[in-house]
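Worksheet for the structure shown next.
What you see is a predicted model, and the numbers here were worked out from it, not measured in a lab.
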Amino acid sequence: MATKTKATLDRRAVINKILEKRGDALVVTGLGSSCYDVGAAGDHANNFYLWGGMGAAAMMGLGLALAQPTRQVLVITGDGEMLMGLGALATIGTQGPRNLSIIVIDNELYSETGMQPTHTARGVDLAAMAKAAQFPRSATITTDAQLKSWVPQLYAPAGAAFVAIKVNAARYPMAIRLRDGAHIKNRFREALLGNAAFD
Amino acid sequence: MKPQKKPATWPNDIYEVLKQVGIKQVAYVPDAGHTQLINSCNADREMKVISLTTEEEGVAMLAGAWLGGQRGVMLLQSSGVGNCINLLSIMNECRFPLLMLVTMRGEWGEFNPWQLAMGQGTPPALQHAGVVVQRVDRAEEVREHVFAAAQLTFNTSRPVALLISQRIIGFKDWSK
């Protein structure tokens with residue numbers, strides 16, 4: 001097992017730095033902390049918050065990216081959530097959407113369920129898996145400088161991107177209270193599609 | 001007696017209905033019963049065809065498609081229904097439409113005993129997961145059943161599974 005370097009980045013600071021450049025990007029979150037973090041960065045009608053359905057986030061991003069090829073789609077999820085749907089990396093890699101970025105906020109823990117280590121704590125390299133699944137762009141990010149240079153790339157429609165951002169174990173309150181799924185979906189569609197949302 | 005193989009027309013009936021109702025994303029895990037339909041969709045430049053590693057990917061993907069304003073369909077075998085169960089909770093909580101065309105195994109004339117548990121369990125498993133279950137047993141009725149299922153799911157935003165009887169698909173020849 002690789003020697004572990006202590007992660008220093010803070011999850012909410014990381015997500016704020018990414019989302020302050022969102023422009024008209026569409027965002028899908030995984031369940032748990034990444035959902036709360038995205039909500040804390042500022043609620044937005046084009047955020048889709050998953051509060052359940054563990055393992056769904058990346059594929060939801062793919063369906064959205066294929067349906068909206070001119071809009072950048074960001075999936076912001078956790079390492080445990082990504083590990084539950086690893087096959088999605090192969091499916092996305094073979095589809096090759098230009099406008100999809102998968103961002104894994106990797107604290108190497110199942111922080112909702114008692115801080116048990118995930119396989120990324122045991123040396124599993126998600127960015128290498130994405131690369132092997134034919135993502136043209138992938139990286140593991142551990143520093144502010146790397147994050148800074150990657151943020152514009154996450155919004156560039158230059159092929160599927162995957163980043164695992166190593167963050168510390170800090171936990172934060174559930175800043176977002178909005179959890180009615182039908183409302184979250186209908187609000188997202190109305191903001192994106194206008195009246196066509198009701199066709 | 002070895003059953004006669006007749007050229008099937010129902011897969012093309014499904015394809016025509018999918019076109020008629022504006023399906024743009026076709027997600028599938030391969031099944032012999034859907035071979036002809038998958039080929040037709042692959043040849044269609046207006047359809048995006050997505051090969052999945054597991055059926056639960058399709059549930060999530062088609063939710064994303066609907067968020068983005070596109071209609072999709074998932075083609076799967078009954079054995080794949082079990083793979084979808086937890087992600088179907090997304091469809092329920094958010095009232096997403098979902099059109100699942102399920103080719104059945106483990107029922108009419110099945111030769112493989114390993115198919116029985118999930119085949120027989122498919123209708124109750126879907127119902128317990130909150131999916132509207134419909135079924136077609138006759139090839140000549142496939143077209144209207146697919147159309148009706150599509151109307152139901154996209155007009156009411158409820159997940160709908162149409163089970164296509166193993167009797168329509170025919171016996172699997174395992175004699176050699």
When rounded to the nearest 0.5 angstrom, what is the spacing between [atom1] in [X] and [atom2] in [Y]?
X        : Y       : atom1 : atom2 : value
B:Ser89  : A:Leu50 : OG    : CG    : 9.5 Å
A:Asp180 : B:Arg95 : CG    : CZ    : 8.5 Å
B:Met61  : A:Ile92 : CE    : CD1   : 10.5 Å
A:Leu64  : B:Leu62 : CG    : CG    : 12.5 Å

| task | I would like to know whether A:Lys185 and B:Trp66 meet side-chain contact (heavy atoms from CB on, under 4.5 Å); could you show each step before the answer? | result | CA-CA 9 Å; A:Lys185 175 209 68 174; B:Trp66 183 253; 4.2 Å; yes
Using a cut-off of under 4.5 Å for heavy-atom pairs, which of [options] has the most such pairs with chain B?
options                     : value
A:Arg189, A:Arg71, A:His183 : A:Arg189
A:Gln68, A:Gln95, A:Met54   : A:Gln95
A:Ala88, A:Gly87, A:Ala58   : A:Gly87

So if you build clusters from Ile, Leu, Val, Met, Phe, Trp, Tyr with side-chain heavy-atom gaps below 4.5 Å, do [X] and [Y] land together?
X        : Y        : result
B:Val160 : B:Val136 : no
A:Leu31  : B:Met91  : no
A:Ile76  : A:Ile176 : yes
B:Val26  : B:Ile38  : yes
A:Val27  : A:Trp51  : yes

[X] versus chain B, the contacting section by heavy-atom distance below 4.5 Å:
X        : answer
A:Ala90  : side chain
A:Leu86  : neither
A:Arg179 : backbone
A:Leu192 : side chain

| request: Check whether B:Val49 gets within reach of chain A through its side chain, its backbone, both or neither, counting any heavy atom under 4.5 Å. | output: backbone
| query | Is the shortest heavy-atom distance from the side chain of B:Leu52 to the side chain of A:Met59 under 4.5 Å? | reply | yes
| query | Side chains of A:Thr91 and B:Ile50: does their closest heavy-atom pair fall under 4.5 Å? | reply | yes
| message | Which heavy atom of B:Ala60 sits nearest to which heavy atom of A:Ala56, and what is that distance? | response | CB-O, 3.4 Å
| request: Compare every heavy atom of B:Ala65 with every heavy atom of A:Ala67, then report the nearest pair and how far apart it is. | output: CB-O, 3.8 Å
| In terms of heavy-atom pairs under 4.5 Å with chain A, which of B:Gln25, B:Lys48, B:Glu56 leads? | B:Gln25
